[in-house]
Amino acid sequence: MTFSENLKNALSQSNMTMTDLANSTGITYNMIKKYCAGNAEPTVSYALKMAEKLNVSIDELMDYRAPERKNMFRQVFERDFTYIEGFLRVVRRLPNKEAMVDPHTDRNWTYSQLNADVNKLANAFLDHNIQKGDVVLFQLPNCPEFVFTYLAPQKIGAVTSPANPGFAPEESRVCLTSSEPKVYIYDEANKENSLKALATLDKKPEIILMVGDGEVPDGHVRFSDFVKDYPDTEPVTDFVPYIYDEMMRLYTSGTTGKPKGVPLYNANEVLTCHDVMMHFPMNATDATMNTTPWFHRGGIHSGGPAPTFFAGGKVVIMRSFQPQLALKNVQKYGVTFLIGAPSIMKMLVRQQEKFGADLSSLKGIVTMGAPFERTDCIRVQEVLTPNIFNGYGTTETFWNTFLRPYELPEMAGTAGRACTDDDVRVVKVYEDKFADPDDMVAMDEMEIGEVIIRTPKSSYCYYNNEEEEAKKFYNGWMYTGDLATWDRNQFVTIASRKDDMIISSGENIYPTIVEEALNLHPKVHQTAVTGVPDKIRGEAVVAYVVPEDDDLTVSDMVEFCLQSDHLSVYKRPRYYRFVKELPMTATGKLQHYLVKEMALSDMEAGRLKLAMKKEG
């Protein structure tokens, strides 16, 4: 039978209409109609969504029949090749080994103790009717509760979904509205923004938990109170893990700048962990400290909790980056791998020259988020460790090119070349179509093209966002929007970004989003936002403002941004310049590349004004 016939039969047996299926899966009605008519075939992610709602297996829906001799292998592989099963194997194998230490609270956990705390949360979720496929969305800093909430949903088939605790209320609202989580968890430090976001929702989460000792709002529950009376035994459930189940949903921003859900299946998670374990390499004797926020793909995966626990290593928690504390933690806890952005490495170098910590335990420092320039690389090798690694990638694909110690400092400034399981190419750029994967630019370090990626670490989709999906994924490749050159050995060097994105302190900032927020000021006529180099942040945000009222001041703009629910702290402009007009095309489009040139010139000439609020 064809897929269309199987789909129509499943709809009939489930007493569902095409409209019902569209509403329950988020797939458009027109696509469902095409599937039923045999005019289109679904992606694996869409087939999984439909199979789950129709209460059939994906194999039944796709009419796949494996040879009988493979049934036992498939049964074992599809059930046991999941992240949570891998974690439990470590718990059984190394129950008394130290798994995690939290210097902030001076607490530590063995694998047995960590599993017990995870089980308490999983059992609490079960008792509150959290089931397979339900979303647990949380906005937490790096902390023990983050780890518990990463692991516990996986034990009952729910989807764990970390989001940036620094999101503005409007950005949090987008995440909450799109995913409609059954559970929402926030930290007391971000209570005000969380309350603002929740107040805008038509459909609120059934369970809202606050981490911390502050006053708990009405209707919310303190995290510690929620779990305290539940057993630490394995949760009793009929849920069976499956390699193609969504186990985590991260958030990234597209060309619209609004957060998009990035689903990850169990197979993606396991292969990501294997990738890290290969490239560091990492094993059970290692202790890792990722200084970046764990809600990022690079935070949770690059020496973060996911691969470290999978390998049986030890996670040292750094709640927020402080250079001297980071060095002290390396010395005190025997950290073997230290992970962070290149910009923070400069701070570590300066502190190490003053502090002189014992870094003999370090096997390597892993950087990501930006190229590592040659002079900075050499300085880190001289002061911290000779073993430097640098990865490049995206939220959707993790890292996909990699620089290893034996390639540095010679290849510093490049993004490296493809990782073991990945294929990375630089292809030609066309205005009206995707380049074919074989339509590559010359490997001459001169011709600029777009970086495309093919990897088993990606689900190749966004959650309920076909429009953005169509802009990024094509024919089994992700088209990143990053422009680059490459050489005859396939070392990629990033040149710029098609969408003019700014990266400040590792955070992606889209100029159009900041412009929209600034344009809401009643005395502003128009704005243009770009980035300029910044020694600490990598890039700093610059806003050009065409005033509607000549009385407008920089102080007014600073105050407006402080009060705005649309701008996270890291998106607020650091510099301003008031101008009479902005560079526009004949059709009225803002020319961001000319704004960028203006900003670099103005910064050199000292014409940019620092964002400061007047006293009094």
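- Between Tyr230 and Phe226, the ring planes lie tilted relative to each other; the angle falls in the 30° to 60° range.
- Inter-residue side-chain proximity for Ile185 and Phe148 is flagged as unmet; no heavy-atom pair is nearer than 4.5 Å.
- A side-chain donor from one of Trp399 and Asp275 sits under 3.5 Å from a side-chain acceptor of the other.
- When all heavy atoms are compared, the tightest approach of Pro165 to Pro141 is CG-N, 4.2 Å.
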key: Pair Thr160-Gln154, side chain to side chain donor-acceptor pair (under 3.5 Å): steps then yes or no   = CA-CA 7 Å; Thr160 182; Gln154 297 184 55; 6.0 Å; no

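- Counting only N and O atoms by type, the side chains of Asn119 and Asp232 include no donor and acceptor under 3.5 Å apart.
- Distance CZ/Arg379 to CD/Gln352: 11.0 Å, rounded to 0.5 Å.
- Nearest approach of Lys363 to Asp286, heavy atoms of both residues: NZ-OD1, 2.9 Å.
- Side-chain contact annotation: Glu98 with Tyr111, donor-acceptor N/O pair under 3.5 Å absent.
- A donor-acceptor pair shorter than 3.5 Å cannot be found between the side chains of Asn266 and Thr82.
- Glu410 contributes atom CD, which lies 10.5 Å from atom CG of Leu403 (distance to the nearest 0.5 angstrom).
- Of the residues Ser172, Ser179, Ser178, the one that meets the side chain to side chain donor-acceptor pair (under 3.5 Å) test with Tyr251 is Ser179.
- When all heavy atoms of Pro263 and Cys461 are compared, the pair lying nearest together is CD-O, 3.5 Å.
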request  = In sequence, state the C-alpha distance, the side-chain angles, and the governing distance for Gln131 and Asn129, and then conclude on side chain to side chain donor-acceptor pair (under 3.5 Å).
outcome  = CA-CA 6 Å; Gln131 302 174 354; Asn129 202 34; 2.7 Å; yes

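- Annotation: cation-pi pair Arg249/Tyr463 present, NZ/CZ under 6.0 Å from the ring centroid and within 45° of its normal.
- Side chains of Asn268 and Ser459: no donor on one and acceptor on the other come within 3.5 Å.
- Side-chain contact between Val451 and Val424 is present, with heavy atoms from C-beta onward closer than 4.5 Å.
- Ion pairing between a basic and an acidic side chain is recognised when a charged N comes within 4.0 Å of a carboxylate O; Arg319 and Asp102 show no such pairing.
- Ring geometry for His220 versus Tyr186: interplanar angle over 60°, hence perpendicular rather than tilted (30 to 60°).
- In terms of modelled atom types and a separation under 3.5 Å, the side chain of Glu539 and the main chain of Ile503 share a donor-acceptor contact.
- Side-chain contact of Asn115 with Ser112: a donor-acceptor pair under 3.5 Å is absent, judged by distance alone.
- Although no hydrogens or angles enter the test, the distance criterion places no donor-acceptor pair under 3.5 Å between the side chain of Ser504 and the main chain of Glu507.
- By the 6.0 Å and 45° rule, Lys457 does not stack over the aromatic ring of Phe398.
- A donor-acceptor contact shorter than 3.5 Å is absent between the side chain of Gln351 and the backbone of Pro323.
- If you take CD on Gln381 and CG on Asp376, they are separated by 11.0 Å, rounding to the nearest 0.5 Å.
- Here the straight-line distance linking atom CE of Met100 with atom OG1 of Thr110 works out to 10.5 Å at 0.5 Å rounding.
- Counting only heavy atoms from C-beta outward, the side chains of Thr367 and Met345 approach each other to under 4.5 Å.
- Using a 30° and 60° split on the angle between ring planes, Trp294 and Phe146 fall in the perpendicular class, above 60°.
- For the 3.5 Å distance criterion, the side chains of Thr308 and Thr288 qualify, holding a donor opposite an acceptor.
- Atom CG of Leu114 sits about 11.5 Å away from atom NZ of Lys97, to the nearest 0.5 Å.
- The main-chain N or O of Val335 is found under 3.5 Å from a side-chain atom of Ser361 such that the two form a donor-acceptor pair.
- At a threshold of 4.0 Å, the pair Arg454-Asp423 does not count as salt-bridged, since none of the basic side-chain nitrogens sits closer than that to a carboxylate oxygen.
- Under the 6.0 Å cut-off for aromatic ring centres, Tyr83 and Tyr265 do not qualify, their centroids lying 6.0 Å or more apart.
- Arg297 and Ser302 are not linked by any side-chain donor-acceptor pair at a separation below 3.5 angstrom, with hydrogens and angles left out of the test.
- In the model, Ser194 has a side-chain atom that pairs as donor or acceptor with a side-chain atom of Tyr184 under 3.5 Å.
- Ala311 and Met282 make their closest contact through CB-SD, 4.0 Å (heavy atoms, listed as atom of the first residue, atom of the second, distance).
- Scanning all heavy atoms of the two residues, the minimum distance from Pro386 to Pro405 falls at O-CB, 4.5 Å.
- No side-chain N or O of Thr455 forms a donor-acceptor pair with one of Ser458 less than 3.5 Å apart.
- In summary, Asp225 and Lys228 engage in a salt bridge, as defined by a charged side-chain N under 4.0 Å from a carboxylate O.
- For Thr395 (side chain) and Thr252 (main-chain N/O), no donor-acceptor pair under 3.5 Å exists by modelled atom type.
- Between atom CZ of residue Phe223 and atom CG of residue Leu209 there is a gap of 7.0 Å, rounded to the nearest 0.5 Å.
- Residues Asn123 and Lys155 bring no donor and acceptor atom of their side chains to less than 3.5 Å of each other.
- Between Phe389 and Phe402, the ring planes lie tilted relative to each other; the angle falls in the 30° to 60° range.
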